[in-house]
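Take a look at the structure below.
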Number of protein chains: 2
Amino acid sequence: MGEKVTIYDIAKKLNITAATVSRALNNNPKIKASTRELVIETAAKMNYKPNKLALALKSGKSNNVGVIVPRIDSNFFGSTIRGIEEVLYPHGYHVIICQTHEEEKLEIENINTLLNAQVDGILMSISNAEIDKDHIINRVLKKNVPLIFFDRKKNIDGVSTVTINDFEAGYKVTKHLIDQGCKRIAHLSGDKSMEIYKDRCLGYKQALLDNGFEFDKNYIIQTKSKVEEGRKAVKKLLKMKNPPDAIFSASDFVALGAIQELKSKGIKIPEEFCVAGFSNEPFTRFMELSITSVDQFPLEMGKMAAKVFLEQVKDSGKVKIEKKVVLTPKLHIRKSTLRKNNA
Amino acid sequence: MGEKVTIYDIAKKLNITAATVSRALNNNPKIKASTRELVIETAAKMNYKPNKLALALKSGKSNNVGVIVPRIDSNFFGSTIRGIEEVLYPHGYHVIICQTHEEEKLEIENINTLLNAQVDGILMSISNAEIDKDHIINRVLKKNVPLIFFDRKKNIDGVSTVTINDFEAGYKVTKHLIDQGCKRIAHLSGDKSMEIYKDRCLGYKQALLDNGFEFDKNYIIQTKSKVEEGRKAVKKLLKMKNPPDAIFSASDFVALGAIQELKSKGIKIPEEFCVAGFSNEPFTRFMELSITSVDQFPLEMGKMAAKVFLEQVKDSGKVKIEKKVVLTPKLHIRKSTLRKNNA
DNA sequence: TAGATTTGTGTAATCGATTACATTAATTTA
DNA sequence: TAAATTAATGTAATCGATTACACAAATCTA
């Protein structure tokens, strides 16, 4: 019933002490071969399994790492978590998932409860880079718990980061639109308090400037990552005196909404208007009018974050390392921006 | 630096024992009010946080639950996990994620490591219902660890399940296709070793029979949930002497592939051919030719599974309960099957 | 005012492992 | 063959909490 076999049960059965059992099971060379074998055999027979909690308490290592993301039911975060898990599982780590729903309060609460649960590391996508989180971050660092930001980072000493080059991505998309002959390129940005959106926007600006385009700040509209926001934005843009003929959206969902709205107005894509998104959501390639988008390699990003964590664990105690890994984004050019005469 | 504050540190500072500190922090009424306040105050000042591992070891409750799914980077499982997390987090539970990639070996390994980690419960989507898993399942049950299957279940005594009525879903879709005037309805099924696919197929059959259609087993093609498989299946079906004029696919991805192939052959959807999918993946409603599909309410399913777990924990020790929760699927009728003359 | 209660804390065992430090028995050395 | 090694195992502390039991001081009872 209870079926809780401990080393003491094995010890009792064999008339030896728990210490000997422990040593035998850990292949301590001081133990006589015959004893070792007997113990191992008996342990197997009794279906003994070590209690990870006891080990964790004793060693101070829980073999759990916390992963904090805004949400997991999105392709991007789901894939990063998959990558993290794939790398860490073979090393004996378990992944504890926490969602913040972009809420500041939950973010801090999550870190706290993860620390109390004695996780061996925290991998997170921080939501708002402007709000001061130094206090809680310091708690993590003081405890010497490796902390790694992925995708949504904030520059903090001692914190490693794994990101893609959002600036480059923004630049590439914009340059591509320019190459397709677009003259007035608008940008549907995201929450500017996040570095990723800031950087994408900066890349956009730089590409414009480098190519002799003038930058009009009215062409930048802040949106939340929702289809409806794309429709709204297009309505607004089309009312302008000098409406754009292309959109670089920092979100695939917003790009989708934009496309829907443009189509409903009878505007032809990509002939009259080009639209590019961001994140390479599955639907962007499934659509009949497939959508040009940026691949952020979420799986790779997750794997990389996990690897950085493993390195930090290995080297802990030695020099404090701080890695900044930047992945190169890949632009998938699809129908929504590909004009045939240019192909 | 180390910043590890324990109740002993607090005790030392106040010249009392750890027992008193523990009691004060736990609002034990035997403790003098003044002492309690002093302790609580000092604990806050020293930034004391209880060590969850120690608590877990003592109490035998880790406050962790394991969730085992084939993968997390899918809309369906991502959403169920989100639901689980949302319900359990407020109750102080953490969710440990494990992926099986449909591999038998990993499934068993995951259960084992979760048990060794002393999880308080396991919620899982079992991959293959035909392979005998009694041994490992028994280990869970013997340990009195609540076990709940969601979506992909297997009928086992003592195991609660939360599923949707896949039979009904299959029936509804097929009936809908019949109502739209389709005469020869094919079914693209999934791995028949899973109950969900078996049931969807049974619902399909029953609907055919109930409506005076004859059932042709050549109209059933087994597929894996991939776009390419849908294309292949359609190629095969169209080569038949008496090709179908509708497809009920047990997967949205397969349905998508089918649609792509049909279109490439110049077949008009839904006028000449209707296609319905399953799972209500986001892309099904985003497509220009939106795809009829079945909503499995993954978020609700996750929440429900978590609630069943909570009930079992509460009632543990009392009668052993075994809940079978069946959610009703919802058919979203979209362009891919909606013939205007029928609307 | 002696005995019974109550109040507030301390002592020590416990959860299940690991491990530094004995300790005993066996073997080697001189 | 006595002393020195070595081999194999036992004893007990430890990780950080909780809690049954013990106990002294304060308060109540008759």
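In what follows, every heavy atom counts, from backbone to side chain, and hydrogens, waters and symmetry copies are set aside. To find a chain, count down the sequence lines: A is the first, B the second, and so on, and within it residues start at 1.
- The CG-P distance, from A:Leu55 to C:dT18, rounds to 5 Å in whole Å.
- The residue B:Lys32 sits close only to the backbone: its heavy atoms come under 4.0 Å of sugar-phosphate atoms, none of a base.
- Residue whose closest nucleotide on DNA chain C sits further toward the 5' end, between A:Pro50 and B:Ala19: B:Ala19.
- Atom NZ in A:Lys12 sits roughly 15 Å away from atom P in D:dG10 (whole-Å rounding).
- Phosphate contact (OP1/OP2 of C:dT18, side-chain N/O of A:Asn26, threshold under 4.0 Å): present.
- One finds no side-chain N or O of B:Asn28 lying less than 4.0 angstrom from the OP1 or OP2 phosphate oxygen of D:dT19.
- Atom C1' of nucleotide C:dT18 and atom NZ of A:Lys58 are separated by 4 Å, given to the nearest angstrom.
- Side-chain atoms of A:Arg23 and base atoms of D:dG10 include a donor and an acceptor less than 3.5 Å apart.
- At the heavy-atom level, A:Leu53 lies nowhere under 4.0 Å from the strands shown.
- In this structure, A:Ile16 atom CD1 and C:dA17 atom P are separated by 14 Å, rounded to whole Å.
- Across all strands, A:Ser22 comes closer than 4.0 Å to base atoms (heavy-atom distances).
- Residue B:Thr17 places no side-chain N or O under 4.0 Å from the OP1 or OP2 atom of C:dT9.
- One can place NZ of B:Lys4 at 10 Å from P of D:dC15, the figure rounded to the nearest angstrom.
- Residues B:Glu86 and B:Arg82 are paired through a salt bridge, judged by an N-O separation under 4.0 Å between the basic side chain and the carboxylate.
- Atom CG in B:Asn27 sits roughly 17 Å away from atom P in D:dA17 (whole-Å rounding).
- When heavy atoms are screened at a 4.0 angstrom cut-off, B:Thr35 is found touching the sugar-phosphate backbone but no base atom.
- The shortest distance between the side-chain N/O atoms of A:Thr6 and the OP1/OP2 oxygens of C:dG16 is not below 4.0 Å.
- Each of A:Tyr8 and A:Asn15 was assigned the nucleotide of DNA chain D with the nearest heavy atom; the assignment lying further toward the 5' end belongs to A:Asn15.
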Original post:
Run the side chain to side chain contact (heavy atoms under 4.5 Å, CB included) check on A:Glu195 and A:Asn155 step by step: do they pass?
Top reply: CA-CA 10 Å; A:Glu195 291 205 5; A:Asn155 274 317; 4.3 Å; yes
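- The CG atom of A:Leu25 sits 13 Å away from the C1' atom of C:dG16 (whole-angstrom rounding).
- Out of D:dT18, C:dG8, D:dT9, the shortest distance to the side chain of A:Ile31 is found at D:dT9.
- Spacing between atom NZ of B:Lys30 and atom C1' of D:dA22 amounts to 12 Å, rounded to whole angstrom units.
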